Amino acid sequence: MSQQITVTLPDGSRKQAPAGISIGQFVREHIGPGLAKAALYAKVNGQDMDLSRTLDADTILQIFTSKAPEALELIRHDAAHVVASVVQRLYPGTQVTIGPAIEEGFYYDFFKEAPFTPEDLERIEAEANKDIAADLPFVREEVAMDDALRLFDAKGEKFKVEIVRDIAAKGAKTLTLYRHGDWVDFCLGPHSPSTGKIGVIKLLSTSGAYWRGDHRNPMLQRIYGTAFFDKKALQEWLTRQEEAKKRDHRRLGKELELFHFHPYAPGAAFWTPKGTSLYQTLSTWMRRLTVEHGYVEIKTPLMFNKGLWETSGHWGKYRENMFMVLDSETGEHDFSLKPMNCPSHHLFYGFKKHSYRDLPLRLATQDPLHRNEATGSLSGLTRVRQFAQDDGHIYCREDQVPDEVRNFVKLLDRVYNALGLTYHAKFSTRPPQRLGDDALWDRAEGSLRSALETLGLPYELKPGDGAFYGPKIDFDVSDSIGRKWQLGTFQLDYLAPERFELAYVGEDNAEHRPVVLHRAVFGSFERFIAILIEHFAGAFPAWLAPVQAVIVTVADRQLAYARQVRERLRSLGYRVELDERSMTLNARIREAQVQKVPFTLVIGDKEVEAQSVAPRRYGGEDLKSMPLSEFEALLSKEGALP
RNA sequence: GCCGGCGUAGCUCAGUGGCAGAGCAAUGGUUUCGUAAACCAUAGGUCGUCAGUUCAAUCCUGACCGCCGGCUCCA
């Protein structure tokens, strides 16, 4: 039984080894003890494997250490097991459910009467870190389904039993168990060789969570945590979290006086003069861009009879999210505030008979929309009940779709580029439950794909993620600190034209159905502004800043000239303030910096004499005295819409 | 909506079952200064709302309102 196998390593080199050797042993004997010590898990022919697994045939082998980006995910999953074991040790009677690794860490859901307190978390964390120090090996074992069922049933783990049954129902014959210490869970793996590889566990928060995410199911107690290979990495992460908190749009919204909320209008913002300026600048900019890209802007009613929502289908599927309006005479809720613009755009399209020559018809609207979001889901400007989208619907022939994709992506690229947001496209294709035949979907997906390809735009394919009424392209942007947000969207819709019986007269003098395209670049102004506040940390570029320049005089005797400068710049359309307060020069400059105003114009006797200004950029760069006309030229470059 | 936490001056936050505190901001005065915080004084609160326990509640209890972290990242 000394059959030899060939193991191919990522560098292309090949090694011979006896069949049946464990991966760990293979690494130690045929690669090196250093790697053997650092190794966490492996990929065998592309499949994740524990190091304890054996190699039985010729394989391609990759070894992963803590340097691999995926390794964090591995130890976080390890950490979830450790935390679960500690919880069951400290709180007997607690049942375990599931505990996956997530983007920044992991969570574990427990079934337990009393919620975890912050003191509980400290205790669990301390105990979990002791288990790391004990360096308990993770032991993998495969057992028959029946044995697994008996094991968890005997432990009284009702949720585990339910999962085992589900897995069995899917046809699995065996289950993989992982033990560490005297604790056992079933898990696909892989896991690290031992708990000592985890480094450090930090528990973050608790929350309630429904079993399987369904509110009809029992409420579980969730513990969120994270893990790192060492304390330093954890500390860096915590510091980054603190930094991110400093840019939180809710905090900056207060500090920079951009918007407020009042308990009488939850989920609907009051925009201060500065916030309104931001809003209006974006709105004006988007108007200009859409006009350049061939859109016409319209306004439609904010409130509609339910007849519209019955036609659109919202009355059946979306009613819970719509604000109904009570008619005080009839006592009926026959009207609703619009939660979306599309139905009213469709009505608008239907006002007159269209020729193929009208197409594509591109309608844009920035009307306020209302959606009755669940109270618990409201959050700052990112989740609100009243908002406006930079909404647009394009009515066109099917063969015009590729051109419309290109036209849209050009618009979107201009916007995101101007703001320094990088983006990537996600192309979602037909879902299992869908409308229309395969030929239709073939054409629809084909035209989106070919448009993406002629644009040379790289995209990620999301098979099955499309809407039931058509495929779509979504755009994820990354902000300045690397967070991702889903913003722009471009969706094909074959359903709406049917429901609204939209038509155009073709060259053949017969009626045809147009295709509807839903599209947005900002998404909603509210959420987009929140993202921009965090992206720029409140230090907006001059063209977007609510106050573009603040004038401060060295002494009061320069005020008359300073007022002239203010009026001159305002007459050119710039947003300029003069700080006339009786504070020291330094204090007024500091104030302008704290408010993150792009330019502070210092005016002293020299400037009055020379009819100049001495601008200082946000951040402290002193531009030295320059003639007012020179500063005007600077503003015309940086202060005008891009 | 559900689970947990929180709600004290415009803002950030102390605090106690027995007359409510600080810093910043505000207001009045003094100061007129060359690139990140001048000085003095004054005013400011139904301690989220309503009910209950208590001789006494901002503090303890409950309900409600709002905010924050979560609630389809499924072995």
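Residue numbers start from 1 in every chain, and the chains themselves are labelled A, B, ... in the order their sequence lines are given, proteins ahead of strands. These numbers come from a predicted model, not from an experiment.
Across the protein-nucleic acid pair, M583(A) atom CE and C39(B) atom P stand 13 Å apart, rounded to whole Å. Regarding I223(A), its CD1 atom lies at a distance of 18 Å from the P atom of C3(B), rounded to whole Å. Computed from coordinates, the R250(A) CZ to C67(B) P distance equals 11 Å when rounded to whole Å. Residue H77(A) contributes atom NE2, which lies 9 Å from atom P of A75(B) at whole-angstrom precision. The separation between E157(A) atom CD and A75(B) atom P is 16 Å, rounded to whole Å. In this structure, R383(A) atom CZ and C68(B) atom C1' are separated by 16 Å, rounded to whole Å. Atom OH of Y210(A) and atom P of C73(B) are 14 Å apart (whole Å). Look at CG on L381(A): it is 14 Å from C1' on C67(B), rounded to the nearest Å.
Taking atom P in both U12(B) and C68(B), the straight-line distance is 13 Å, to the nearest Å. Comparing the P positions of A41(B) and A56(B) gives an interatomic distance of 41 Å, to the nearest angstrom. Rounded to a whole angstrom, the distance from the P atom of U35(B) to that of U42(B) is 34 Å. For the P atoms, the distance from A22(B) to C64(B) is 36 Å, rounded to whole Å. The gap from the P atom of U31(B) to that of C39(B) amounts to 16 Å, rounded to the nearest Å. Comparing C2(B) with G44(B), their C1' atoms are spaced 40 Å from each other, to the whole Å.
K254(A) has a side-chain polar atom (N or O) that falls below the 4.0 Å cut-off from OP1 or OP2 of U12(B). Remark: N586(A) is in phosphate contact with A37(B), judged by side-chain N or O atoms under 4.0 Å from OP1 or OP2. Distances shorter than 4.0 Å separate none of the side-chain N or O atoms of R588(A) from OP1 or OP2 on C33(B). Phosphate contact (OP1/OP2 of C11(B), side-chain N/O of R251(A), threshold under 4.0 Å): absent. Residue R581(A) places at least one side-chain N or O under 4.0 Å from the OP1 or OP2 atom of A26(B). In terms of phosphate contacts, Y618(A) brings no side-chain nitrogen or oxygen within less than 4.0 Å of OP1 or OP2 of A36(B). For T584(A) and C33(B), the shortest distance from a side-chain N or O to OP1 or OP2 is not below 4.0 Å.
Between the side chains of S85(A) and H180(A), at least one donor N or O sits under 3.5 Å from an acceptor N or O. For E607(A) and S625(A), the side-chain atoms include at least one donor-acceptor pair closer than 3.5 Å. Side-chain polar atoms of K160(A) and Q95(A) form no donor-acceptor pair below 3.5 angstrom. Of the N and O atoms on the side chains of R563(A) and Y561(A), not one donor lies less than 3.5 Å from an acceptor on the other residue.
Scanning residues 261-277 of chain A for heavy-atom distances under 4.0 Å to RNA chain B yields P263(A), P266(A).
Using a 4.0 Å cut-off between a side-chain N of Lys or Arg and a carboxylate O of Asp or Glu, D153(A) and R165(A) do not qualify as a salt bridge.
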For the pair Q558(A) and D605(A), evaluate side-chain hydrogen bond (donor to acceptor under 3.5 Å, both in side chains) and give the outcome as yes or no after the intermediate values.
-> CA-CA 7 Å; Q558(A) 295 103 14; D605(A) 290 336; 2.7 Å; yes
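Two residues, H81(A) and I603(A), neighbour RNA chain B, and the one matched to the more 5' nucleotide by heavy-atom proximity is I603(A).
Stem regions annotated for RNA chain B: B:1-7 with B:65-71, B:10-13 with B:21-24, B:26-30 with B:38-42, B:48-52 with B:60-64, counting only runs of 3 or more consecutive pairs of Watson-Crick or G-U type with both contacts under 3.5 Å.
Checked against the 6.0 Å centroid criterion, the rings of Y41(A) and F64(A) qualify as a close aromatic pair. Residues F270(A) and F259(A) place their aromatic rings such that the two centres sit no closer than 6.0 Å.
None of W211(A), Y108(A), F110(A) except one satisfies the ring-ring contact (aromatic ring centres under 6.0 Å, His included) rule with F159(A); the exception is W211(A).
Side-chain proximity of Y107(A) to G4(B), C68(B), C73(B): nearest is C73(B).
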